Amino acid sequence: MRNKTKSTRPLAVILLLAITLGTLLPTLGKVSFWDSDEARYAECARNAIEHGHWIIPYYNGHPRIVKPPLMVWLVALSSMVINGGQVTEFSARLPSLLAGVGTVLITYLLAYSLLSSEVLAFLSAFILATTYLFYKQARFSITDMVLTFFFTLALYWFYQFYRGGRGLYVLGMYGALAMATMDKGPAVGFVLPVLIIILFIWMQGDVRKIKGLIHPVGILIYIALVLPWPLLVGKAYLVKFLWRSNVRRFANNPAWRTPFWFYLWNFPVHFTPWAAFLPLTAATVRKVRGRMGPISFPLIWFAVVFVLFSLSDTKRSSYILPLYPAAALITAWSIGKGIEMKEELVGPWRASLGLFALVIMGYVVALVLAFSRHVPLYTPTATASLGLALIIGGFIAFIAKLKNFQEGTLLACAGALVLTIGYTGFYQPLFDQYYRSPKPYCADIKKTVGSLPLYHYGSIRAHDLFYIGKGRIPSLPDAKEPKGPYFVMTRGKKLKSLRRERPYLKIIKRYPFRDIVIVLLRSPKEKHSGKGGAHPIERKEDGEETFYYHTHLQSA
């Protein structure tokens, strides 16, 4: 049995690497920055490389201390190693992708330690790799995937120590906690995983283990990695980061308040398609209540993260990403128990497989509805992937009816893999090309403005700042009246108030983008003084252009 384990584990790792890299890597640099935070980290990294802002990240001419600098460093390092210092979508996202691959492999190792089954360990890692929020965040240049990697690594090292490992595992745990802290801060990077560890030890009735975790060398490692940055930043670390970005956002954030039940619907949606196995998981937990064994660790892990973030005033889907490895472990365990207790759990099994088929087909319908507004449905790759997903969904429903649950699980894995490839390989690039990419209008603004000053009115998105490449685009209301000619960009809804304040600005171009319009205006060559009545906005001025950056929009 041991020989078989030794021969299959390397093969399992190679296969997991092939699956994760094969689904995440091919189109990584072909999709524009969609999330504003992506472009913020990319812009901060570019400032670090070009202007030396390594200690305190700079964004649009101002220091940005709402997050520790680890993600900025990783993006900058990635860009310097593979791109000669030029920050691109690929180099900015590579740290998240590598963290995603690493999290899949750590989940595999942890699942093997917990479940003592090569098959269930592989299934745990596979479930994680083919879960919607996970592969989506692994392709975003934001902090959450890097946090999840170090969070999972810290809990893995702890569990190895708990099983009877040496103190070296504790040192690894402290190192991982330090890196998680430098990525997201002490509340999520240190307090949260430590709370999981303490609660697990207490519930296991083995409180003496806590003494072994208080390791002087481990504590020194944590302090040495974490403390220098706050000391260099000074008072701003306490005020801007700890107080405003952590305490206030958790306890009282009226600008972003969400109900406590937000994750009750958000998690199942983003744990697609494996959330379909929730009926089987619930039934399995109920059946083996009191005999949970090692699976109690990921259950506590899941519960602590879910409950604490539900209590937070500020919620986003990605905030609970660190519980997804635990969710994958629990799901794989329930599938294993379900096959073992097939006759007792036949009802939940059929319900879960039937729901899985519905989820796959619902996913396809949702893509069709999203595509139909912006992307030609006759695109061959889109048609093929959608059709294949529908066929697999139908097969799973048929298998559930026949009660062939092992075959149903294999088909579920195939369906999840198709959805993953469909999203990363086809959906994202196509949707970016036809609807979500800001690069074309930013390139036109960059060309039109040239070396003249550019200001923004209202607000500016981070991807505008990154792709236009000015380094800084000041706010017009906050700036003095420029002496020479200049340009202003704003959104259509802000145009009326801008023209009221500066009626002499001439509209140059309008850029239809997603569901809004970006407007570029230019000051006249002669200098204006004073403020007068605004020109009528409704009429089109001489020389004004509407910039269509996708050919299909022209016919629309």
Side-chain angles (χ1 to χ4, degrees), residues 1-2 4-6 8-9 12-13 16 103-128 131 148-149 151-170 172-173 176-177 192-213 271 274 277-278 280-307 322-341 344-345 409:
M1 189 69 181
R2 288 183 180 177
K4 185 178 180 181
T5 301
K6 287 181 181 178
T8 57
R9 289 182 71 182
V13 169
L16 286 171
T103 306
V104 168
L105 297 181
I106 294 298
T107 301
Y108 168 78
L109 296 175
L110 179 57
Y112 185 75
S113 298
L114 286 163
L115 305 176
S116 300
S117 167
E118 198 68 56
V119 173
L120 294 183
F122 182 87
L123 182 60
S124 299
F126 181 87
I127 288 172
L128 182 64
T131 295
T148 301
F149 169 71
F151 195 104
T152 307
L153 184 60
L155 293 179
Y156 170 74
W157 288 134
F158 155 73
Y159 193 75
Q160 298 310 306
F161 167 77
Y162 180 80
R163 293 176 67 211
R166 295 174 297 175
L168 189 62
Y169 292 122
V170 179
M173 181 193 75
L177 290 174
L192 193 56
V194 168
L195 182 59
I196 293 168
I197 290 168
I198 292 174
L199 188 58
F200 171 72
I201 291 175
W202 176 72
M203 292 188 71
Q204 295 297 308
D206 203 0
V207 182
R208 290 175 300 176
K209 286 282 187 181
I210 295 178
K211 185 179 178 181
L213 293 174
F271 196 54
W274 297 102
F277 280 93
L278 285 174
L280 178 62
T281 301
T284 305
V285 170
R286 193 164 55 248
K287 276 282 182 184
V288 301
R289 187 172 56 246
R291 296 176 285 115
M292 303 301 296
I295 203 65
S296 59
F297 181 51
L299 282 170
I300 292 168
W301 172 358
F302 181 96
V304 168
V305 177
F306 191 91
V307 170
L323 65 74
Y324 275 69
L329 272 161
I330 296 166
T331 305
W333 167 81
S334 68
I335 290 173
K337 283 289 182 184
I339 292 174
E340 182 184 318
M341 306 164 62
E344 298 174 70
L345 296 170
T409 304

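This structure is a prediction, so every number in the text was calculated from the model and none was measured. When reading the values below, keep in mind they use all heavy atoms of this one structure, side chains included, and skip hydrogens, waters and symmetry mates.
Residues meeting the side chain to side chain contact (heavy atoms under 4.5 Å, CB included) test with Leu195, sequence neighbours left out: Val304, Leu308. Applying the side chain to side chain contact (heavy atoms under 4.5 Å, CB included) criterion to Tyr159, with sequence neighbours excluded, gives Leu110, Ser113, Leu114, Tyr162, Arg163, Phe200, Pro294, Phe297. Under the side chain to side chain donor-acceptor pair (under 3.5 Å) criterion, Trp274 pairs with Thr130, not counting sequence neighbours. Residues passing the ring pair (Phe, Tyr, Trp, His ring centres under 6.0 Å) test with Phe271, sequence neighbours excluded: Phe267, Tyr324. Qualifying side chain to side chain donor-acceptor pair (under 3.5 Å) partners for Ser334, counting only residues two or more places apart in sequence or in other chains: Thr281. For Arg286, the side chain to side chain contact (heavy atoms under 4.5 Å, CB included) partners are Ala283, Arg289, not counting sequence neighbours. Scored by the salt bridge (Lys or Arg N to Asp or Glu O under 4.0 Å) test, Lys287 finds Glu344 as partners (sequence neighbours excluded). Not counting sequence neighbours, the partners of Val13 by the side chain to side chain contact (heavy atoms under 4.5 Å, CB included) test are Leu17, Leu105, Tyr108. Residues forming a side chain to side chain donor-acceptor pair (under 3.5 Å) with Gln204 (at least two apart in sequence, or on another chain): Ser296.
Cation-pi geometry between Lys209 and Phe158 is not met: the NZ or CZ atom fails to fall both under 6.0 Å from the ring centre and inside 45° of the normal.
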**Message:** If you apply the rule side chain to side chain contact (heavy atoms under 4.5 Å, CB included), what do you find for Ile127 with Leu329, and how did you get there?
**Reply:** CA-CA 8 Å; Ile127 288 172; Leu329 272 161; over 6 Å; no
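Remark: Trp301 CH2 is packed, more than 12 non-hydrogen atoms of other residues, nucleotides or ligands lying under 6.0 Å away.
In plain terms, the two heavy atoms of Gly338 and Leu280 that are nearest each other are CA-CD1, 4.3 Å. Smallest separation of non-hydrogen atoms from Gly336 and Leu120: CA-CD2, 3.8 Å. Lys337 approaches Leu345 most closely through the heavy-atom pair O-CD1, 4.3 Å. Taking every heavy atom of both residues into account, Pro325 and Thr152 meet most closely at CG-OG1, 3.5 Å.
Note: Thr148 OG1 to Ile106 CD1 = 13.0 Å, rounded to the nearest 0.5 Å. With rounding to the nearest 0.5 Å, the separation of CG in Leu123 from OG1 in Thr107 is 12.0 Å.
Side chains of Leu109 and Gln160 form no contact here, defined as non-hydrogen atoms less than 4.5 Å apart. Counting heavy atoms from C-beta on, the side chains of Leu115 and Ser124 come closer than 4.5 Å. Counting heavy atoms from C-beta on, the side chains of Val170 and Trp157 never come closer than 4.5 Å. You'll find the side chain of Leu153 stays beyond 4.5 Å of the side chain of Met173, heavy atoms only. Arg9 places a side-chain heavy atom less than 4.5 Å from the side chain of Tyr112. Looking at heavy atoms from C-beta onward, Val288 lies in side-chain contact with Met341 at the 4.5 angstrom threshold. Between Leu177 and Pro193, some side-chain heavy-atom pair lies under the 4.5 Å cut-off. Looking only at side-chain heavy atoms (C-beta outward), Phe151 and Ile196 come within less than 4.5 Å of each other.
Residue pairs meeting the side chain to side chain donor-acceptor pair (under 3.5 Å) criterion with at least one partner in residues 194-203, sequence neighbours excluded, do not occur; the list is empty.
No donor-acceptor pair under 3.5 Å is formed between the side chain of Trp333 and the backbone N or O of Thr284.
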